[in-house]
Amino acid sequence: MTVDRGTRPARRAVPSSRPPGVDLAHAADGGEESATRPVPEATVARLAVYLRVLTSLLADGRGTVSSEELAAAAGVNSAKLRKDLSLIGSSGVRGVGYDVSRLTAEVEATLGLDSPHAVALVGVGNLGHALAGYGGFAQRGFPVAALFDVDPALVGTVIDGVEVQHADAIDAVCAARGVTIGVVATPAEAAQRVCDHLVSAGVRSILNFAPTVLSVPAGVEVRKVDLAVEMQVLSFHVARRHGTVSAAAPAAPSRPTPREVFSR
């Protein structure tokens, strides 16, 4: 079957000029010129949250939103939000706020969402199967273009319109379908081998659900999602609320081991 890697809602064009009445208080750090400055990774993460809120506002038919309302919905203070948006050249209008459609387009462009992203998922066990069947990825511009596994019982099955292929075909299929993002949901012992195949196919962005650290060459970005670690962090906070552990304190500096010295 044919997988449409480029099907997604049409993107809004970003207007070439800012509307009159720009609120200079909102245009902190230089307004349009600040868009040329590097955007910190922490800001990128918050931009993704702002986009989620903006998408919801668009669906509700909202035309404008104040910085205070947008900040509250995103869980940040309004000063931080205005600072973040100034880094991508966005400014509000005094007494009006931000144009929701325009700001959505600007955030999408900054996050690279004005270009299609084909996703390959390797490992369609319990977690992988759930991820493969999640419709929210395609709705947000990340259609699953390829699925892989090594289990004969899974190879050849179809999940949400995409056929599961053997992992031996990762290189060829990912290259042919223009995959830009790889998702690793395999056991730990197979994750590095899968990662190497994805990189060999030209994939330069990898989301890793496997409980292991992946080694990748320069120019490849890896984001790790370890659900067990997140649960352990939450467990600490539960225990602290019940008084069974003390609050975390800064760790005392430790002397490096010989292995650490020679690996620097």
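Computed from a predicted structure; not experimentally measured. Reckoned from all heavy atoms, side chains included, excluding hydrogens, waters and symmetry mates.
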Q: According to the salt bridge (Lys or Arg N to Asp or Glu O under 4.0 Å) rule, which pairs have a member within residues 42-63, sequence neighbours left out?
A: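 Applying salt bridge (Lys or Arg N to Asp or Glu O under 4.0 Å) to every pair that reaches into residues 42-63, excluding sequence neighbours, yields Arg46-Asp84, Arg62-Glu69.
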
Q: Does a side-chain heavy-atom distance below 4.5 Å link Asp160 with Tyr134?
A: no

Q: Are any of the side-chain heavy atoms of Val199 and Ile206 separated by less than 4.5 Å?
A: yes

Q: Are Leu103 and Leu70 packed together at the side-chain level, in the sense that at least one heavy-atom pair is separated by less than 4.5 angstrom?
A: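 In contact.
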
Q: Using modelled atom types only, decide if a donor and an acceptor are shared between the side chain of Thr55 and the backbone of Leu51 within a distance under 3.5 Å.
A: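 Checking the backbone N and O of Leu51 against the side chain of Thr55, a donor-acceptor pair under 3.5 Å is found.
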
Q: For a 4.5 angstrom cut-off between non-hydrogen side-chain atoms, does Glu163 reach Val155?
A: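 They are not in contact (no side-chain heavy atoms under 4.5 Å apart), so the answer is no.
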
Q: If I compare all heavy atoms of Leu54 with all of Thr104, which pair ends up nearest, and what's the gap?
A: CB-OG1, 3.4 Å

Q: Taking the side chain as every heavy atom from C-beta outward, state whether Ile159 and His129 have any atom pair closer than 4.5 Å.
A: yes

Q: Treating Ile, Leu, Val, Met, Phe, Trp and Tyr as nodes and any side-chain heavy-atom pair under 4.5 angstrom as an edge, say whether Leu127 and Val229 lie in one connected cluster.
A: no

Q: For Lys80, is the NZ atom crowded, meaning more than 12 foreign heavy atoms sit under 6.0 Å from it?
A: no

Q: So how far is it from Arg223 CZ to Leu207 CG, rounded to the nearest 0.5 Å?
A: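 Spacing of CZ (Arg223) from CG (Leu207) equals 8.5 Å.
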
Q: Out of Thr110, Thr43, Val44, which one pairs with Leu87 under the side-chain contact (heavy atoms from CB on, under 4.5 Å) rule?
A: Thr43

Q: Nearest 0.5 Å please: distance from the CG atom of Leu227 over to the CZ atom of Phe209.
A: 6.5 Å

Q: Looking at Thr157, Val122, Val164, which hits side-chain contact (heavy atoms from CB on, under 4.5 Å) with Asp149?
A: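 The option that passes is Val164.
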
Q: Hydrophobic cluster membership, with links at side-chain heavy-atom distances under 4.5 Å among I/L/V/M/F/W/Y: are Ile88 and Val49 in one?
A: no

Q: I need the minimum non-hydrogen distance between Leu47 and Val107, along with the two atoms involved.
A: O-CG1, 3.6 Å

Q: Which heavy-atom pair separates Leu121 from Ala132 by the least distance, and what is that distance?
A: CD1-N, 4.0 Å

Q: Do Ile181 and Phe142 come within less than 4.5 Å of each other through their side chains, counting heavy atoms only?
A: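 When only atoms from C-beta onward are counted, Phe142 and Ile181 do touch, with a gap below 4.5 Å.
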
Q: Can you confirm whether Thr180 sits close enough to Ser205 that some side-chain heavy atom of one is under 4.5 Å from a side-chain heavy atom of the other?
A: no

Q: Leu198 and Gly182: which non-hydrogen atoms are nearest, and at how many Å?
A: CD1-CA, 4.2 Å

Q: Quick one: pull up CZ in Arg102 and OG1 in Thr64 and give me the separation to the nearest 0.5 Å.
A: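 Output value for this atom pair is 14.5 Å.
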
Q: Rounded to the nearest 0.5 Å, what separation is found between the NE2 atom of His117 and the CG atom of Leu111?
A: 9.0 Å

Q: To the nearest 0.5 Å, tell me how far Ser101 OG sits from Glu106 CD.
A: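 Rounded to the nearest 0.5 Å, the OG-CD separation comes to 10.0 Å.
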
Q: Please say which of Val93, Leu57, Leu85 ends up in a side-chain contact (heavy atoms from CB on, under 4.5 Å) with Tyr98.
A: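 When side-chain contact (heavy atoms from CB on, under 4.5 Å) is applied between Tyr98 and each of Val93, Leu57, Leu85, only Leu85 qualifies.
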
Q: To the nearest 0.5 Å, what is the distance between NE2 on His166 and CG on Leu154?
A: 11.0 Å

Q: Among all residues two or more places apart in sequence or in another chain, which pass the side-chain contact (heavy atoms from CB on, under 4.5 Å) test with Val213?
A: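 Here no residue qualifies.
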
Q: Closest approach of Arg193 and Glu189, non-hydrogen atoms and distance?
A: NH1-O, 4.0 Å

Q: Could you walk me through whether Val194 and His197 pass the side-chain contact (heavy atoms from CB on, under 4.5 Å) check?
A: CA-CA 5 Å; Val194 164; His197 280 291; 5.8 Å; no

Q: Please check this pair: side chain of Glu68 against backbone of Ser78, looking for a donor-acceptor N/O pair closer than 3.5 Å.
A: no

Q: For residues Val124 and Leu131, determine if any side-chain heavy atom of one lies less than 4.5 Å from a side-chain heavy atom of the other.
A: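 Heavy-atom side-chain distance check fails, nothing below 4.5 Å.
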
Q: So which heavy atom on Arg177 is nearest to which on Ala118, and how close?
A: O-CB, 4.0 Å

Q: Could I get the full list of side-chain contact (heavy atoms from CB on, under 4.5 Å) partners for Ala73, not counting sequence neighbours?
A: Val53

